[in-house]
Participant: 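First, the structure itself, so that you have it in front of you.
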Amino acid sequence: MRRPSRVATFIDKGGTGKTTVAAHLGVALSEAGDDVLLVDLAGKQGDLSKHFGLWDEVEESIAEDDDWPNISTVFQDEWDIIVEKLGDAAVQDLILETDEGPDVIPAHPGLDSLDAELGNIDKPSERYSRLDDFLTEYVDPLGYDVILVDLPGITNNVTYNGLWATRNVVVPVEAGVFEASQLAALEEDLDKMDENFGVDVGLSMVVPNKVDRRTKLADEYLAEFREAYPEVVARPVPVSQEIRNAANEGRTVFDVEEPSRTGERARKRFADNADELRSRIADKPTRTGVEAVSDD
Ligand SMILES: Nc1ncnc2c1ncn2[C@@H]1O[C@H](COP(=O)(O)OP(=O)(O)OP(=O)(O)O)[C@@H](O)[C@H]1O
Ligand SMILES: [Mg+2]
């Protein structure tokens with residue numbers, strides 16, 4: 001059996017489109033025929049599940065005390081014992097179906113204290129490898145083609161678990177000096193992971209998001225990103241009110257009937273980027289973009 005490709009959406013900055021990109025790439029991959037699992041590690045607000053209209057259901061189960069096991073449970077020491085007791089149901093309990101193709105493991109309020117709990121684990125190799133262990137042992141056998149992990153916009157023990165487990169990162173950026181510097185900082189962070197732990201995380205794709213080509217600034221930053229990361233900059237995703245509206249309605253733009261021209265273009269860009277991503281992450285967790293800028 002082939003191991004699923006894994007990828008995380010991450011940048012140490014809020015609001016650039018990590019969750020939007022995870023949801024849309026997930027649906028695009030699914031429409032192209034892949035079995036996709038989305039994993040929400042981005043925090044208790046449940047943005048990824050909201051994207052598919054599933055968060056009310058999750059909140060209900062929390063209110064009814066029917067929220068165990070959940071995604072935060074898989075990081076605990078007791079997880080193996082839970083699986084021993086519940087068998088396959090333990091993992092199946094975590095997974096919800098969306099009506100746009102991908103399955104999703106929703107976030108949970110337990111993620112809030114997870115960073116601190118992981119911080120109590122002395123050995124880095126144990127602190128950062130919990131998600132990897134869970135995916136390898138319990139999720140890989142389910143036969144998904146792609147596992148996409150949505151991470152919070154902050155560097156902590158949870159994001160390290162996400163990067164460690166996926167070895168591939170997709171970075172949504174907006175046109176701004178802050179994004180450019182955060183992207184450089186991320187590269188340094190990935191280098192440190194490699195040096196310290198021998199974990200080689202590939203910068204698989206930089207997605208310029210919310211791009212308004214009518215502004216000169218957007219063009220300038222696009223050119224800058226392309227120069228700095230020639231191998232990994234993806235096709236830009238336009239700023240689109242339809243993306244925002246769809247998210248508020250609990251769906252992606254792929255589910256919008258008769259989208260506007262901008263909505264249509266956003267769809268096309270996500271589909272093209274999903275194709276490109278698939279070929280980049282298939283069986284090769286390499287760091288293509290990093291070599292490209294290392295001589296600067
Ligand atoms: N291409 C786009 N056009 C218009 N709005 C967008 C686009 N991409 C994302 N948005 C909107 O921007 C906001 C932030 O997006 P999103 O939640 O995906 O970012 P994030 O990086 O996951 O944020 P956080 O750091 O809070 O997790 C949302 O309201 C989303 O609908
Ligand atoms: Mg998010």
Side-chain angles (χ1 to χ4, degrees), residues 7-28 38-55 58 71 98 100 102 104-109 111-112 114-115 148-156 158-159 162-163 166 169-176 178-180 182-183 185-186 205-215 217-218 221-222 225 233-256 259-274:
V7 60
T9 50
F10 178 62
I11 185 171
D12 189 328
K13 176 161 193 306
T16 65
K18 293 176 292 295
T19 304
T20 305
V21 168
H24 285 80
L25 287 180
V27 174
L38 300 168
V39 182
D40 189 352
L41 288 183
K44 67 169 176 206
Q45 71 277 13
D47 286 346
L48 195 56
S49 313
K50 281 181 194 158
H51 246 289
F52 297 99
L54 293 170
W55 189 240
V58 177
I71 183 62
T98 75
E100 292 194 53
V104 60
I105 298 184
H108 184 271
L111 288 172
D112 265 18
L114 186 56
D115 174 46
L148 251 163
V149 182
D150 186 31
L151 295 175
I154 182 170
T155 304
N156 64 18
V158 178
T159 38
L163 297 172
T166 58
V169 59
V170 168
V171 188
V173 288
E174 291 178 61
F178 202 60
E179 277 76 10
Q182 291 307 98
L183 190 51
L186 172 60
M205 185 170 262
V206 172
V207 183
N209 187 30
K210 308 190 199 180
V211 174
D212 183 353
R213 295 304 293 267
R214 291 169 305 186
T215 69
L217 191 68
Y221 274 105
L222 261 182
F225 283 129
V233 174
R235 310 202 63 195
V237 175
V239 65
S240 154
Q241 187 58 41
E242 230 155 7
I243 289 183
R244 233 168 259 148
N245 294 345
N248 290 334
E249 292 160 8
R251 56 197 182 135
T252 72
V253 281
F254 287 100
D255 194 51
V256 174
S260 66
R261 276 177 62 184
T262 313
E264 184 63 57
R265 196 161 69 245
R267 266 179 9 184
K268 176 94 177 59
R269 292 293 165 84
F270 279 122
D272 289 345
N273 290 342

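Note that ligands are numbered from 1 as they come in the structure, with each ligand's atoms numbered from 1 the same way.
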Participant: Specify side chain, backbone, both or neither for Asn209, according to which of its non-hydrogen atoms lie closer than 4.0 Å to ligand 1.
Facilitator: side chain
Participant: Work out which heavy atom in Ser49 is nearest to a heavy atom in Asp40; give both atom names and the distance.
Facilitator: N-OD2, 4.2 Å
Participant: Do Thr16 and ligand 1 have an N or O pair less than 3.5 Å apart?
Facilitator: yes
Participant: Considering only the protein, which heavy-atom contact is closest to atom 11 (C) of ligand 1, and what is its distance?
Facilitator: Arg244 NE, 3.9 Å
Participant: Before signing off on this row, confirm whether Asp150 and ligand 1 have an N or O atom pair separated by under 3.5 Å.
Facilitator: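 No - when backbone and side-chain N and O of Asp150 are compared with those of ligand 1, no distance drops under 3.5 Å.
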Participant: So which heavy atom on Arg265 is nearest to which on Pro238, and how close?
Facilitator: NH2-CB, 4.0 Å
Participant: Which residue and non-hydrogen atom of the protein lie closest to atom 17 (O) of ligand 1, and at what distance in Å?
Facilitator: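 Looking only at protein heavy atoms, the one closest to atom 17 (O) of ligand 1 is Thr19 CB, 4.2 Å.
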Participant: At under 4.0 Å between heavy atoms, which part of Ala266 makes contact with ligand 1: side chain, backbone, both or neither?
Facilitator: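 For Ala266, no heavy atom sits under 4.0 Å from ligand 1.
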Participant: May I ask you to check whether Ser240 has an N/O atom sitting below 3.5 Å from an N/O atom of ligand 1?
Facilitator: yes
Participant: Taking only heavy atoms of Gly14 into account, list the atoms of ligand 1 that are under 4.0 Å away from them.
Facilitator: 25 (O)
Participant: Counting from 1, what ligand 1 atoms have a heavy atom of Ile243 closer than 4.0 Å?
Facilitator: 1 (N), 2 (C), 7 (C)
Participant: Keeping the roles fixed (side chain from Lys18, backbone from Lys13), state whether a donor-acceptor pair exists under 3.5 Å.
Facilitator: yes
Participant: Does the protein put any heavy atom within less than 4.0 Å of atom 28 (C) of ligand 1?
Facilitator: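 No, because not a single protein heavy atom sits under 4.0 Å from atom 28 (C) of ligand 1.
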Participant: Strictly distance-based, threshold 3.5 Å: is any side-chain N or O of Arg269 a donor or acceptor partner for the main-chain N or O of Val237?
Facilitator: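 Checked: no pair found.
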Participant: Heavy atoms only: give me the nearest Asp150-Ala22 pair and the separation to one decimal.
Facilitator: CB-CB, 4.2 Å
Participant: For Glu174, which of Thr16, Val211, Ile11 qualifies under side-chain contact (heavy atoms from CB on, under 4.5 Å)?
Facilitator: Thr16
Participant: Which atoms form the tightest heavy-atom contact between Leu38 and Ala23, and what is the distance?
Facilitator: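 Looking at all heavy atoms of both residues, the closest pair is CD1-CA, 4.5 Å.
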Participant: Please state which option from Arg269, Lys18, Glu174 has its nearest heavy atom closest to atom 25 (O) of ligand 1.
Facilitator: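 Among Arg269, Lys18, Glu174, the closest heavy atom to atom 25 (O) of ligand 1 belongs to Lys18.
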Participant: Among all the protein's non-hydrogen atoms, which is closest to atom 26 (O) of ligand 1, and how far away is it?
Facilitator: Gly15 N, 4.0 Å
Participant: Mark yes or no for whether Glu100, through its side chain, and Phe254, through its backbone, hold a donor-acceptor pair below 3.5 Å.
Facilitator: no
Participant: Can you find a heavy atom in the side chain of Pro106 that is under 4.5 Å from one in the side chain of Leu48?
Facilitator: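 With C-beta onward as the side chain, the pair stays apart.
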Participant: If you measure every N/O of Pro238 against every N/O of ligand 1, is any gap under 3.5 Å?
Facilitator: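 Yes - when backbone and side-chain N and O of Pro238 are compared with those of ligand 1, one distance drops under 3.5 Å.
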Participant: For the Mg ion (ligand 2), decide whether Thr20 has an N, O or S atom at a distance under 2.8 Å.
Facilitator: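 Under 2.8 Å: Thr20 has no N, O or S contact with the Mg ion (ligand 2).
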Participant: Identify the two heavy atoms, one from Asn209 and one from Gly17, that lie closest to each other, and give their separation to 0.1 Å.
Facilitator: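 Heavy atoms only, the tightest pair is ND2-CA, 3.6 Å.
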Participant: Working to the nearest 0.5 angstrom, can you tell me the gap between Asn273 CG and Arg235 CZ?
Facilitator: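 Rounded to the nearest 0.5 Å, the CG-CZ separation comes out at 7.5 Å.
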Participant: For atom 7 (C) of ligand 1, which of Lys210, Lys13, His24 has the closest heavy atom?
Facilitator: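 Looking at heavy atoms only, the winner is Lys210.
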Participant: As an exercise, identify every atom of ligand 1 less than 4.0 angstrom from a heavy atom of Val239.
Facilitator: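 Checking each atom against Val239, I get 3 (N), 4 (C).
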Participant: For atom 9 (C) of ligand 1, which candidate among Val21, Val253, Thr20, Leu151 holds the nearest heavy atom?
Facilitator: Thr20
Participant: What protein heavy atom is closest to atom 19 (O) of ligand 1, reported as residue, atom name and distance in Å?
Facilitator: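 Among all protein heavy atoms, the one nearest atom 19 (O) of ligand 1 is Gly17 N, 3.0 Å.
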